[in-house]
Amino acid sequence: RAVIAEKRLDPAEVERVAGEAALTVPGILRYFTRTQLTSGSLGPSVWAAKYEKAFLAERCGDLLLMTKPFYFWGSYGEKDAGSTHGSPWGYDSHVPLLLSGPGVQRGTHNGFVDMADLAPTLAHLMGVSAPAGSEGRVLPVDY
């Protein structure tokens with residue numbers, strides 16, 4: 001960023017050019033820039049919502065890359081199996097959730113659970129209010 005400022009370049013344009021260059025790497029499907037993510041200019045889409053939720057300005061870079069399904073890049077690209085746990089695809093983002101303890105009825109329940117549902121559900125089980133800004137729902141654990 002210091003070089004961008006020193007050369008008086010537009011950060012949004014630098015991000016865009018870097019994103020376009022990333023699209024030339026085999027397996028890269030899309031990119032999202034810091035400017036897009038912080039300005040809300042992505043527009044409504046499933047992918048935009050996923051990347052907006054994953055973006056933390058203090059810790060993320062200026063460019064988030066989305067791979068094609070089953071593509072890996074960097075050191076993961078040398079492997080022929082596995083997962084990076086960093087893509088938005090189901091094989092990376094769908095994981096089992098196990099709850100156990102007082103107030104949780106025994107059983108197996110299949111269905112979609114958003115990670116945002118975990119905090120309000122745990123708060124419900126502890127008998128406290130859900131965290132401020134919580135977006136999820138309380139899961140039906142006490143049938």
Side-chain angles (χ1 to χ4, degrees), residues 1-5 9-143:
R1 292 190 189 134
V3 172
I4 293 170
L9 299 173
D10 176 12
E13 181 63 9
V14 172
E15 294 165 4
R16 186 194 67 73
V17 170
E20 292 299 318
L23 291 177
T24 67
V25 174
I28 300 299
L29 179 64
R30 286 187 69 174
Y31 66 88
F32 300 90
T33 68
R34 171 179 292 274
T35 301
Q36 291 171 319
L37 291 159
T38 58
S39 69
S41 64
L42 287 174
S45 78
V46 171
W47 303 123
K50 285 180 182 271
Y51 278 80
E52 284 170 340
K53 284 185 177 182
F55 182 76
L56 180 62
E58 299 80 28
R59 297 186 67 190
C60 287
D62 293 338
L63 195 65
L64 276 66
L65 302 176
M66 180 176 162
T67 60
K68 295 176 182 176
F70 306 106
Y71 273 81
F72 301 107
W73 59 285
S75 62
Y76 291 104
E78 299 164 2
K79 301 175 184 176
D80 60 2
S83 176
T84 65
H85 305 293
S87 82
W89 307 108
Y91 58 82
D92 268 344
S93 60
H94 292 174
V95 296
L97 172 65
L98 174 76
L99 297 173
S100 178
V104 179
Q105 295 297 313
R106 182 179 182 174
T108 301
H109 309 282
N110 294 317
F112 178 78
V113 175
D114 192 299
M115 282 305 298
D117 299 337
L118 188 56
T121 301
L122 293 176
H124 169 76
L125 290 169
M126 293 185 291
V128 298
S129 298
S134 178
E135 296 178 5
R137 63 187 170 96
V138 175
L139 298 172
V141 293
D142 50 3
Y143 305 123

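Annotation: salt bridge (charged side-chain N to carboxylate O under 4.0 Å, His left out) contacts of Glu52 (sequence neighbours excluded): none. Residues forming a ring pair (Phe, Tyr, Trp, His ring centres under 6.0 Å) with Phe112 (at least two apart in sequence, or on another chain): none. Take Ser134 and apply the side-chain hydrogen bond (donor to acceptor under 3.5 Å, both in side chains) test, not counting sequence neighbours, and it matches no residue. In this structure Ser39 satisfies the side-chain hydrogen bond (donor to acceptor under 3.5 Å, both in side chains) test together with Ser41, sequence neighbours excluded. Applying the side chain to side chain contact (heavy atoms under 4.5 Å, CB included) rule to Val128 yields the partners Ala123, Met126; only residues at least two apart in sequence or on another chain are considered. For the side chain to side chain contact (heavy atoms under 4.5 Å, CB included) test, residues two or more places apart in sequence or in another chain that qualify with Thr108 are Asn110. Residues passing the side-chain hydrogen bond (donor to acceptor under 3.5 Å, both in side chains) test with Thr38: none are found, sequence neighbours excluded. With sequence neighbours left out, the side-chain hydrogen bond (donor to acceptor under 3.5 Å, both in side chains) criterion links Arg59 to no other residue.
Contact between Thr121 and Leu139 at its shortest, heavy atoms only, is OG1-N, 2.9 Å. Residues Gly61 and Phe55 share a closest heavy-atom pair of O-CE1, 3.8 Å. Of all heavy-atom pairs between Leu125 and Pro102, the closest is CD2-O, 4.0 Å.
The CD1 atom of Ile4 lies 7.0 Å from the CD atom of Glu15; values are rounded to the nearest 0.5 Å. In this structure, the separation between NZ on Lys50 and CH2 on Trp89 is 9.0 Å, given to the nearest 0.5 Å.
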Could you walk me through whether Leu99 and Leu122 pass the side-chain contact (heavy atoms from CB on, under 4.5 Å) test, one step at a time? CA-CA 9 Å; Leu99 297 173; Leu122 293 176; 4.2 Å; yes
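Residues Trp47 and Leu42 have side chains not in contact (no heavy-atom distance under 4.5 Å, counting atoms from C-beta outward).
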Scan the side chains in residues 20-32 for donor-acceptor partners under 3.5 Å anywhere in the protein, sequence neighbours excluded, and list what turns up.
| unit_1 | atom_1 | unit_2 | atom_2 | d |
| --- | --- | --- | --- | --- |
| Glu20 | OE2 | Tyr31 | OH | 2.7 |
| Thr24 | OG1 | Ala21 | O | 2.5 |

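Among pairs with a residue in residues 62-71, those fulfilling salt bridge (charged side-chain N to carboxylate O under 4.0 Å, His left out) read Arg1-Asp62, Arg34-Asp62, at least two apart in sequence or across chains. The salt bridge (charged side-chain N to carboxylate O under 4.0 Å, His left out) analysis of residues 119-138, with sequence neighbours excluded, yields the pairs Lys53-Glu135, Asp117-Arg137.
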